[in-house]
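Numbers restart at 1 for each chain; the letters A, B, ... are given by sequence-line order, proteins then strands.
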Amino acid sequence: MAKIEGPPAESPVTAASIPAIGHGFRLQWEKAQNAHVLLYAEGMVTLNGSAGAILSQCDGRKSAAEIAAELQHTYNQPDLGDDVLAFLRIAVDNKWVQLQ
Amino acid sequence: MNAAVNAVNTDPEPAVAPPFWLLAELTYRCPLHCPFCYNPVNFAAIKAELSTDDWIRVLREARELGSVQCGFSGGEPLGRDDLEILIREAHALGYYTNLLTSGVGLTEKRIAEFKRGGLDHIQLSFQDTTKQTNDFLSSTKTFDLKRKAAELIHKYDFEMVMNCVVHRLNIDHIDKIIEFALEIGAGYLELANAQYYSWALMNVDQLLPTREQVQRAEEVTQQYRERIGNRMRLLFVVPDYYETRPKRCVNGWGTTLFAVTPDGTAVPCHTARMLPGLKFPNVREMSVRDIWYHSEGFNHFRGTRWMQEPCRSCDERFSCLGGCRCQAYMLTRDVNAADPVCDKSPHHAVVTDMVARANQPRDPDAPRKPLVFRGAEESLAHGHDA
Ligand code: SF4
Ligand code: SF4
(Lines give C-alpha, C1' and ligand atoms only; values in the text may rest on other atoms or scores of the structure.)
(Ligands and ions follow the chains in the order given, each with its own letter.)
Protein backbone atom coordinates (compact mmCIF):
# COMPACT_ATOMS: atom_id res chain seq x y z
CA MET A 1 0.00 0.00 0.00
CA ALA A 2 1.24 3.48 -0.87
CA LYS A 3 2.45 5.80 1.83
CA ILE A 4 -0.18 8.30 2.86
CA GLU A 5 2.35 10.60 4.48
CA GLY A 6 3.28 12.88 1.56
CA PRO A 7 4.85 16.31 1.70
CA PRO A 8 2.96 18.59 4.10
CA ALA A 9 -0.14 20.01 2.50
CA GLU A 10 -0.16 23.75 1.85
CA SER A 11 -1.45 25.20 5.11
CA PRO A 12 -4.55 27.22 4.53
CA VAL A 13 -3.34 30.20 6.52
CA THR A 14 -4.77 33.55 5.42
CA ALA A 15 -4.90 37.03 6.89
CA ALA A 16 -8.30 36.19 8.35
CA SER A 17 -7.12 32.98 10.11
CA ILE A 18 -7.28 32.99 13.88
CA PRO A 19 -4.33 31.07 15.34
CA ALA A 20 -4.05 29.62 18.83
CA ILE A 21 -1.25 27.66 20.48
CA GLY A 22 -1.57 23.99 19.46
CA HIS A 23 -3.03 21.31 21.66
CA GLY A 24 -0.39 19.82 23.90
CA PHE A 25 2.01 22.75 23.46
CA ARG A 26 2.80 25.39 25.98
CA LEU A 27 4.43 28.74 25.29
CA GLN A 28 6.41 30.50 27.97
CA TRP A 29 9.36 32.75 28.64
CA GLU A 30 12.39 30.85 29.94
CA LYS A 31 14.92 32.78 31.94
CA ALA A 32 17.58 30.11 31.45
CA GLN A 33 17.41 30.38 27.62
CA ASN A 34 16.57 34.08 27.66
CA ALA A 35 13.93 33.28 25.06
CA HIS A 36 10.39 32.16 24.52
CA VAL A 37 10.13 28.39 24.34
CA LEU A 38 7.44 25.98 23.27
CA LEU A 39 7.17 22.99 25.54
CA TYR A 40 5.55 19.74 24.51
CA ALA A 41 5.61 16.15 25.71
CA GLU A 42 9.26 15.29 26.26
CA GLY A 43 10.68 18.21 24.32
CA MET A 44 11.19 21.92 23.87
CA VAL A 45 11.68 24.31 20.97
CA THR A 46 13.64 27.46 21.70
CA LEU A 47 12.21 30.30 19.65
CA ASN A 48 14.02 33.25 18.12
CA GLY A 49 12.80 36.76 18.87
CA SER A 50 10.29 37.19 16.06
CA ALA A 51 8.85 33.68 16.39
CA GLY A 52 8.40 34.29 20.12
CA ALA A 53 6.75 37.66 19.46
CA ILE A 54 4.28 36.21 16.94
CA LEU A 55 3.39 33.13 19.01
CA SER A 56 2.81 35.31 22.08
CA GLN A 57 0.03 36.97 20.10
CA CYS A 58 -1.66 33.70 19.10
CA ASP A 59 -4.43 33.84 21.67
CA GLY A 60 -7.27 32.29 19.67
CA ARG A 61 -8.97 35.67 19.34
CA LYS A 62 -6.83 37.86 17.07
CA SER A 63 -6.60 37.18 13.33
CA ALA A 64 -3.27 36.95 11.52
CA ALA A 65 -3.87 40.47 10.12
CA GLU A 66 -4.53 41.84 13.59
CA ILE A 67 -1.40 40.16 14.93
CA ALA A 68 0.68 41.74 12.16
CA ALA A 69 -0.84 45.16 12.91
CA GLU A 70 -0.14 44.77 16.61
CA LEU A 71 3.51 43.84 16.00
CA GLN A 72 4.00 46.66 13.48
CA HIS A 73 2.81 49.04 16.14
CA THR A 74 4.84 47.55 19.01
CA TYR A 75 8.10 47.27 17.08
CA ASN A 76 7.50 50.32 14.92
CA GLN A 77 8.00 48.32 11.72
CA PRO A 78 6.50 48.65 8.24
CA ASP A 79 4.22 45.96 6.83
CA LEU A 80 4.83 42.59 8.60
CA GLY A 81 1.80 40.83 7.13
CA ASP A 82 3.77 38.49 4.85
CA ASP A 83 6.32 37.63 7.52
CA VAL A 84 3.58 36.72 9.96
CA LEU A 85 1.79 34.55 7.39
CA ALA A 86 5.02 32.82 6.37
CA PHE A 87 5.83 31.98 9.98
CA LEU A 88 2.29 30.86 10.80
CA ARG A 89 2.42 28.40 7.90
CA ILE A 90 5.51 26.80 9.38
CA ALA A 91 3.91 26.86 12.81
CA VAL A 92 0.75 25.11 11.58
CA ASP A 93 2.78 22.41 9.82
CA ASN A 94 4.62 21.78 13.08
CA LYS A 95 1.36 21.78 15.05
CA TRP A 96 2.69 24.65 17.18
CA VAL A 97 -0.48 26.52 16.36
CA GLN A 98 -3.91 25.45 15.27
CA LEU A 99 -6.45 27.61 13.48
CA GLN A 100 -9.69 28.34 15.29
CA MET B 1 46.08 8.00 40.35
CA ASN B 2 44.02 10.85 38.96
CA ALA B 3 47.11 12.55 37.63
CA ALA B 4 48.10 9.38 35.79
CA VAL B 5 44.66 9.01 34.28
CA ASN B 6 44.52 12.62 33.22
CA ALA B 7 47.93 12.42 31.66
CA VAL B 8 46.57 9.83 29.25
CA ASN B 9 43.00 11.01 28.92
CA THR B 10 43.07 14.57 27.65
CA ASP B 11 39.38 14.75 26.75
CA PRO B 12 37.95 18.09 27.84
CA GLU B 13 35.68 18.25 30.87
CA PRO B 14 32.17 18.58 29.52
CA ALA B 15 30.39 21.89 30.11
CA VAL B 16 27.49 21.10 32.42
CA ALA B 17 24.08 22.39 31.30
CA PRO B 18 21.12 22.36 33.68
CA PRO B 19 19.01 19.18 33.88
CA PHE B 20 16.27 19.37 31.27
CA TRP B 21 14.17 16.67 32.91
CA LEU B 22 13.17 16.21 36.50
CA LEU B 23 11.87 12.71 37.06
CA ALA B 24 9.98 12.38 40.32
CA GLU B 25 9.63 8.71 41.18
CA LEU B 26 7.05 9.31 43.86
CA THR B 27 6.69 5.79 45.20
CA TYR B 28 7.80 2.22 44.63
CA ARG B 29 4.34 1.02 45.62
CA CYS B 30 2.42 -0.43 42.70
CA PRO B 31 -0.63 -2.66 42.43
CA LEU B 32 0.84 -4.46 39.39
CA HIS B 33 3.45 -7.20 39.16
CA CYS B 34 5.27 -6.70 35.88
CA PRO B 35 8.08 -9.25 35.49
CA PHE B 36 10.10 -6.55 33.64
CA CYS B 37 9.64 -3.86 36.28
CA TYR B 38 12.56 -1.41 36.31
CA ASN B 39 12.27 -0.62 40.02
CA PRO B 40 15.11 -2.00 42.13
CA VAL B 41 14.68 -5.65 43.04
CA ASN B 42 15.06 -4.73 46.71
CA PHE B 43 12.40 -1.99 46.51
CA ALA B 44 10.42 -3.46 49.40
CA ALA B 45 13.27 -2.68 51.79
CA ILE B 46 13.19 1.01 50.79
CA LYS B 47 10.38 2.50 52.79
CA ALA B 48 10.75 6.11 53.88
CA GLU B 49 9.03 8.14 51.15
CA LEU B 50 9.61 11.87 50.83
CA SER B 51 6.91 14.11 52.24
CA THR B 52 4.79 16.50 50.21
CA ASP B 53 6.90 19.42 51.43
CA ASP B 54 10.13 17.69 50.44
CA TRP B 55 8.80 17.14 46.92
CA ILE B 56 7.65 20.73 46.63
CA ARG B 57 11.11 21.91 47.60
CA VAL B 58 12.70 19.58 45.03
CA LEU B 59 10.35 20.86 42.33
CA ARG B 60 11.21 24.45 43.17
CA GLU B 61 14.97 23.91 43.32
CA ALA B 62 15.15 21.98 40.07
CA ARG B 63 13.03 24.58 38.32
CA GLU B 64 15.34 27.34 39.57
CA LEU B 65 18.21 25.39 38.08
CA GLY B 66 16.49 25.39 34.69
CA SER B 67 14.47 22.13 34.46
CA VAL B 68 11.43 22.46 32.23
CA GLN B 69 10.02 18.96 31.96
CA CYS B 70 8.70 17.20 35.01
CA GLY B 71 7.61 13.57 35.01
CA PHE B 72 5.71 11.92 37.85
CA SER B 73 6.28 8.17 37.87
CA GLY B 74 6.82 5.29 40.25
CA GLY B 75 5.82 2.52 41.01
CA GLU B 76 2.34 3.80 40.42
CA PRO B 77 2.28 7.55 41.08
CA LEU B 78 -1.49 7.43 41.63
CA GLY B 79 -0.58 5.66 44.87
CA ARG B 80 0.37 9.07 46.31
CA ASP B 81 -2.68 10.96 47.46
CA ASP B 82 -0.81 14.26 47.23
CA LEU B 83 -0.32 13.88 43.47
CA GLU B 84 -2.91 16.60 42.85
CA ILE B 85 -0.94 19.01 45.02
CA LEU B 86 2.36 18.19 43.34
CA ILE B 87 0.92 18.59 39.84
CA ARG B 88 -0.56 21.95 40.75
CA GLU B 89 2.72 23.08 42.26
CA ALA B 90 4.80 21.89 39.29
CA HIS B 91 2.47 23.60 36.84
CA ALA B 92 2.55 26.86 38.76
CA LEU B 93 6.35 26.74 38.72
CA GLY B 94 6.29 26.57 34.93
CA TYR B 95 7.05 22.92 34.24
CA TYR B 96 5.54 20.96 31.42
CA THR B 97 4.01 18.23 33.54
CA ASN B 98 3.84 14.57 32.56
CA LEU B 99 2.13 11.71 34.36
CA LEU B 100 3.41 8.19 33.67
CA THR B 101 0.79 5.76 34.84
CA SER B 102 -0.67 2.30 34.34
CA GLY B 103 -4.11 3.85 34.83
CA VAL B 104 -4.86 1.57 37.78
CA GLY B 105 -6.58 3.78 40.32
CA LEU B 106 -7.42 6.59 37.89
CA THR B 107 -10.83 7.97 38.75
CA GLU B 108 -12.84 10.79 37.25
CA LYS B 109 -12.49 12.80 40.43
CA ARG B 110 -8.71 12.58 40.28
CA ILE B 111 -8.28 13.27 36.59
CA ALA B 112 -10.58 16.30 36.86
CA GLU B 113 -8.36 17.60 39.63
CA PHE B 114 -5.21 16.95 37.54
CA LYS B 115 -6.73 18.95 34.72
CA ARG B 116 -7.58 21.84 37.01
CA GLY B 117 -4.07 21.73 38.42
CA GLY B 118 -2.59 22.10 34.93
CA LEU B 119 -1.35 18.61 34.07
CA ASP B 120 -0.15 18.73 30.46
CA HIS B 121 0.31 15.15 29.40
CA ILE B 122 -0.47 11.55 30.29
CA GLN B 123 1.45 8.50 29.22
CA LEU B 124 -0.58 5.38 29.73
CA SER B 125 1.41 2.19 29.96
CA PHE B 126 -0.10 -1.00 28.77
CA GLN B 127 0.70 -4.14 30.66
CA ASP B 128 -0.85 -7.12 32.28
CA THR B 129 -2.92 -6.50 35.34
CA THR B 130 -2.90 -10.13 36.30
CA LYS B 131 -0.13 -12.60 36.89
CA GLN B 132 -1.04 -14.48 33.69
CA THR B 133 1.45 -12.77 31.41
CA ASN B 134 1.16 -15.58 28.92
CA ASP B 135 -2.41 -14.85 28.13
CA PHE B 136 -2.69 -11.26 29.22
CA LEU B 137 -3.85 -10.28 25.77
CA SER B 138 -6.91 -12.41 26.24
CA SER B 139 -7.50 -11.06 29.71
CA THR B 140 -10.50 -8.79 29.32
CA LYS B 141 -9.60 -7.17 32.60
CA THR B 142 -6.52 -5.57 31.02
CA PHE B 143 -8.42 -4.18 28.07
CA ASP B 144 -11.37 -2.96 30.11
CA LEU B 145 -9.15 -1.13 32.48
CA LYS B 146 -7.16 0.61 29.75
CA ARG B 147 -10.35 1.43 27.87
CA LYS B 148 -11.80 3.12 30.93
CA ALA B 149 -8.60 5.06 31.56
CA ALA B 150 -8.47 6.06 27.89
CA GLU B 151 -12.06 7.34 28.00
CA LEU B 152 -11.23 9.55 30.94
CA ILE B 153 -8.07 10.79 29.29
CA HIS B 154 -10.05 11.78 26.18
CA LYS B 155 -12.90 13.25 28.12
CA TYR B 156 -10.53 15.60 29.87
CA ASP B 157 -8.86 16.44 26.60
CA PHE B 158 -5.37 15.13 27.28
CA GLU B 159 -3.17 14.06 24.45
CA MET B 160 -3.01 10.29 24.69
CA VAL B 161 0.29 8.51 24.48
CA MET B 162 0.61 4.80 25.04
CA ASN B 163 3.65 2.81 25.97
CA CYS B 164 3.98 -0.95 25.91
CA VAL B 165 6.95 -2.97 27.08
CA VAL B 166 7.58 -5.67 24.51
CA HIS B 167 9.04 -9.10 25.31
CA ARG B 168 9.09 -12.69 24.17
CA LEU B 169 5.64 -13.44 25.54
CA ASN B 170 3.76 -10.58 23.88
CA ILE B 171 5.87 -9.67 20.86
CA ASP B 172 4.00 -12.04 18.54
CA HIS B 173 0.81 -10.14 19.30
CA ILE B 174 2.16 -6.74 18.45
CA ASP B 175 -0.57 -6.30 15.83
CA LYS B 176 -3.22 -6.67 18.54
CA ILE B 177 -1.46 -4.11 20.67
CA ILE B 178 -1.30 -1.64 17.76
CA GLU B 179 -4.96 -2.26 16.91
CA PHE B 180 -5.91 -1.63 20.49
CA ALA B 181 -3.94 1.61 20.65
CA LEU B 182 -5.71 2.75 17.47
CA GLU B 183 -9.06 1.76 18.89
CA ILE B 184 -8.62 3.81 22.03
CA GLY B 185 -7.31 6.79 20.06
CA ALA B 186 -3.67 7.03 21.09
CA GLY B 187 -1.75 9.68 19.13
CA TYR B 188 1.52 7.90 19.72
CA LEU B 189 2.48 4.35 20.61
CA GLU B 190 5.87 3.40 21.91
CA LEU B 191 6.69 -0.28 21.61
CA ALA B 192 9.84 -0.55 23.64
CA ASN B 193 11.53 -3.88 24.11
CA ALA B 194 12.20 -4.63 27.73
CA GLN B 195 15.55 -3.49 29.00
CA TYR B 196 17.26 -6.14 31.01
CA TYR B 197 17.78 -4.55 34.40
CA SER B 198 16.41 -5.44 37.80
CA TRP B 199 13.39 -7.68 37.45
CA ALA B 200 13.74 -8.13 33.72
CA LEU B 201 17.30 -9.40 34.12
CA MET B 202 16.12 -12.08 36.55
CA ASN B 203 13.66 -13.12 33.86
CA VAL B 204 15.85 -12.62 30.82
CA ASP B 205 15.68 -16.21 29.59
CA GLN B 206 11.90 -16.07 29.55
CA LEU B 207 11.60 -12.53 28.22
CA LEU B 208 14.28 -12.06 25.58
CA PRO B 209 12.66 -12.60 22.18
CA THR B 210 14.30 -14.48 19.32
CA ARG B 211 15.86 -12.59 16.42
CA GLU B 212 13.06 -13.85 14.21
CA GLN B 213 10.42 -12.54 16.57
CA VAL B 214 12.05 -9.13 16.62
CA GLN B 215 12.26 -9.00 12.83
CA ARG B 216 8.67 -10.03 12.40
CA ALA B 217 7.48 -7.46 14.92
CA GLU B 218 9.45 -4.73 13.18
CA GLU B 219 7.91 -5.69 9.86
CA VAL B 220 4.41 -5.67 11.28
CA THR B 221 5.07 -2.25 12.82
CA GLN B 222 6.32 -0.93 9.50
CA GLN B 223 3.24 -2.26 7.67
CA TYR B 224 1.03 -0.43 10.14
CA ARG B 225 3.02 2.75 9.71
CA GLU B 226 2.38 2.65 6.00
CA ARG B 227 -1.26 1.83 6.42
CA ILE B 228 -2.22 4.38 9.07
CA GLY B 229 -0.07 7.34 7.99
CA ASN B 230 0.07 9.98 10.68
CA ARG B 231 -3.09 8.93 12.47
CA MET B 232 -0.86 7.46 15.16
CA ARG B 233 2.91 7.65 15.38
CA LEU B 234 4.64 4.35 16.08
CA LEU B 235 8.01 3.87 17.66
CA PHE B 236 9.62 0.43 17.89
CA VAL B 237 12.69 0.12 20.09
CA VAL B 238 14.83 -2.95 19.37
CA PRO B 239 16.25 -4.78 22.40
CA ASP B 240 19.79 -3.52 22.64
CA TYR B 241 21.13 -7.06 23.06
CA TYR B 242 20.54 -7.35 19.31
CA GLU B 243 22.74 -4.36 18.55
CA THR B 244 26.52 -4.04 18.38
CA ARG B 245 26.80 -0.52 19.78
CA PRO B 246 25.34 0.49 23.12
CA LYS B 247 22.94 3.34 23.64
CA ARG B 248 23.94 6.38 25.61
CA CYS B 249 22.82 6.25 29.19
CA VAL B 250 19.86 8.69 29.46
CA ASN B 251 21.29 10.89 26.72
CA GLY B 252 24.56 11.15 28.62
CA TRP B 253 25.15 10.72 32.32
CA GLY B 254 24.46 13.97 34.17
CA THR B 255 23.53 15.88 31.02
CA THR B 256 19.74 15.75 30.84
CA LEU B 257 18.04 13.85 33.62
CA PHE B 258 17.76 14.50 37.33
CA ALA B 259 15.84 11.63 38.90
CA VAL B 260 14.69 11.52 42.49
CA THR B 261 13.73 8.13 43.90
CA PRO B 262 10.93 7.67 46.47
CA ASP B 263 13.20 7.96 49.50
CA GLY B 264 14.92 11.07 48.18
CA THR B 265 18.07 9.53 46.77
CA ALA B 266 18.96 11.53 43.67
CA VAL B 267 20.35 9.67 40.67
CA PRO B 268 21.42 10.60 37.13
CA CYS B 269 19.58 7.57 35.72
CA HIS B 270 16.64 5.53 37.08
CA THR B 271 18.68 2.43 37.78
CA ALA B 272 21.96 4.00 38.94
CA ARG B 273 21.46 3.25 42.60
CA MET B 274 22.55 -0.33 41.96
CA LEU B 275 26.12 0.84 41.19
CA PRO B 276 28.51 -0.01 44.02
CA GLY B 277 31.05 2.43 45.38
CA LEU B 278 29.24 5.55 44.19
CA LYS B 279 27.56 7.75 46.73
CA PHE B 280 24.29 9.27 45.61
CA PRO B 281 23.14 12.16 47.77
CA ASN B 282 19.69 12.51 49.25
CA VAL B 283 17.61 15.60 48.55
CA ARG B 284 16.84 15.74 52.26
CA GLU B 285 20.48 16.60 52.89
CA MET B 286 21.71 18.48 49.84
CA SER B 287 20.23 21.05 47.47
CA VAL B 288 19.37 20.05 43.92
CA ARG B 289 21.99 22.51 42.66
CA ASP B 290 24.78 21.05 44.76
CA ILE B 291 23.81 17.53 43.81
CA TRP B 292 23.75 18.34 40.10
CA TYR B 293 27.00 20.28 39.97
CA HIS B 294 29.07 19.11 42.90
CA SER B 295 28.21 15.57 43.99
CA GLU B 296 30.46 12.67 43.25
CA GLY B 297 27.48 10.57 42.20
CA PHE B 298 26.60 12.95 39.36
CA ASN B 299 30.13 13.95 38.38
CA HIS B 300 31.85 10.61 38.30
CA PHE B 301 30.64 9.31 34.94
CA ARG B 302 30.08 12.67 33.25
CA GLY B 303 31.88 12.88 29.94
CA THR B 304 34.65 10.45 29.03
CA ARG B 305 37.43 10.94 31.57
CA TRP B 306 36.47 7.94 33.67
CA MET B 307 36.93 5.54 30.77
CA GLN B 308 39.30 2.61 30.51
CA GLU B 309 40.13 0.59 27.42
CA PRO B 310 38.62 -0.18 24.95
CA CYS B 311 36.51 2.98 25.39
CA ARG B 312 39.29 5.39 26.30
CA SER B 313 40.94 5.35 22.90
CA CYS B 314 37.81 4.54 20.91
CA ASP B 315 36.88 7.10 18.29
CA GLU B 316 33.17 6.56 18.96
CA ARG B 317 33.42 7.43 22.64
CA PHE B 318 31.71 10.82 22.33
CA SER B 319 28.66 9.36 20.66
CA CYS B 320 27.86 6.38 22.91
CA LEU B 321 29.76 7.62 25.98
CA GLY B 322 30.61 4.02 26.78
CA GLY B 323 26.98 2.96 27.02
CA CYS B 324 25.05 2.12 30.14
CA ARG B 325 26.98 1.94 33.43
CA CYS B 326 24.38 -0.31 35.02
CA GLN B 327 24.46 -2.77 32.16
CA ALA B 328 28.27 -2.80 32.30
CA TYR B 329 28.17 -3.47 36.02
CA MET B 330 25.41 -6.09 35.93
CA LEU B 331 27.04 -8.10 33.18
CA THR B 332 30.77 -7.67 33.93
CA ARG B 333 30.79 -6.65 37.62
CA ASP B 334 33.05 -3.74 36.62
CA VAL B 335 31.41 -0.30 36.68
CA ASN B 336 34.11 1.14 34.40
CA ALA B 337 33.87 -1.50 31.70
CA ALA B 338 32.54 -0.82 28.22
CA ASP B 339 28.87 -1.69 27.97
CA PRO B 340 29.09 -5.34 26.83
CA VAL B 341 26.46 -4.73 24.17
CA CYS B 342 29.42 -3.21 22.29
CA ASP B 343 31.18 -5.75 20.10
CA LYS B 344 34.51 -4.12 20.98
CA SER B 345 33.99 -5.10 24.61
CA PRO B 346 36.02 -8.11 25.78
CA HIS B 347 32.84 -9.19 27.59
CA HIS B 348 30.59 -9.02 24.53
CA ALA B 349 30.16 -12.82 24.71
CA VAL B 350 27.98 -12.41 27.82
CA VAL B 351 25.42 -10.74 25.59
CA THR B 352 25.83 -13.02 22.59
CA ASP B 353 25.47 -16.05 24.89
CA MET B 354 22.13 -14.76 26.16
CA VAL B 355 21.05 -14.08 22.60
CA ALA B 356 22.15 -17.57 21.56
CA ARG B 357 20.14 -19.09 24.40
CA ALA B 358 17.11 -17.07 23.35
CA ASN B 359 17.42 -18.34 19.79
CA GLN B 360 17.79 -22.00 20.61
CA PRO B 361 14.77 -24.10 19.71
CA ARG B 362 12.73 -24.77 22.84
CA ASP B 363 10.78 -27.85 23.59
CA PRO B 364 7.33 -26.51 24.39
CA ASP B 365 6.74 -29.40 26.79
CA ALA B 366 9.99 -29.06 28.69
CA PRO B 367 9.62 -27.73 32.22
CA ARG B 368 10.31 -24.02 32.24
CA LYS B 369 11.84 -21.81 34.87
CA PRO B 370 8.93 -19.81 36.22
CA LEU B 371 8.80 -16.06 35.70
CA VAL B 372 9.51 -14.00 38.78
CA PHE B 373 6.78 -11.40 39.13
CA ARG B 374 7.54 -8.18 40.88
CA GLY B 375 6.11 -8.16 44.36
CA ALA B 376 7.00 -7.37 47.94
CA GLU B 377 7.65 -11.00 48.92
CA GLU B 378 9.75 -11.62 45.84
CA SER B 379 11.63 -8.42 46.55
CA LEU B 380 12.56 -9.55 50.04
CA ALA B 381 13.53 -12.97 48.73
CA HIS B 382 15.69 -11.80 45.83
CA GLY B 383 16.70 -8.33 46.95
CA HIS B 384 20.21 -9.32 48.01
CA ASP B 385 21.25 -11.11 44.84
CA ALA B 386 20.50 -8.31 42.37
S1 SF4 C 1 6.74 -1.71 35.61
FE2 SF4 C 1 4.78 -2.58 36.27
S3 SF4 C 1 5.13 -3.28 38.38
FE4 SF4 C 1 6.82 -1.87 37.85
S5 SF4 C 1 6.13 0.10 38.56
FE6 SF4 C 1 5.51 -0.04 36.41
S7 SF4 C 1 3.43 -0.83 36.43
FE8 SF4 C 1 4.30 -1.20 38.47
S1 SF4 D 1 34.39 0.69 22.85
FE2 SF4 D 1 33.33 1.92 24.36
S3 SF4 D 1 33.25 3.98 23.48
FE4 SF4 D 1 33.77 2.57 21.81
S5 SF4 D 1 31.81 2.08 20.84
FE6 SF4 D 1 32.21 0.49 22.38
S7 SF4 D 1 31.23 1.19 24.26
FE8 SF4 D 1 31.35 2.97 22.85
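The number of heavy atoms from other shown groups lying within 6.0 Å of CG (Asn48(A)) is above 12. More than 12 heavy-atom neighbours from other residues, nucleotides or ligands sit within 6.0 angstrom of CG on Asp157(B). Environment of NZ in Lys95(A): sparse, with no more than 12 heavy atoms of neighbouring residues, nucleotides or ligands closer than 6.0 Å. The environment of Tyr293(B) atom OH is dense: over 12 non-hydrogen atoms of other residues, nucleotides or ligands sit within 6.0 angstrom.
Closest approach of Gly66(B) to Ala32(A), counting heavy atoms only: CA-CB, 4.4 Å. Of all heavy-atom pairs spanning Val68(B) and Met44(A), the tightest one is CG2-SD, 3.9 Å.
Looking at heavy atoms from C-beta onward, His121(B) lies out of side-chain contact with Arg26(A) at the 4.5 angstrom threshold.
Residue Phe20(B) touches chain A through its side chain alone, counting heavy-atom pairs closer than 4.5 Å. Contact annotation for Gln223(B): neither backbone nor side-chain heavy atoms come within less than 4.5 Å of a heavy atom of chain A.
Heavy-atom pairs under 4.5 Å with chain A peak, among Thr97(B), Asp120(B), Leu65(B), Val161(B), at Asp120(B).
Side-chain atoms of Tyr96(B) come within 3.5 Å of backbone N or O of Gly24(A) as a donor-acceptor pair. With hydrogens and angles disregarded, no donor-acceptor distance shorter than 3.5 Å links the side chain of Gln69(B) to the backbone of Ala41(A).
To the nearest 0.5 Å, the span separating NZ on Lys31(A) from CZ on Arg63(B) amounts to 8.5 Å.
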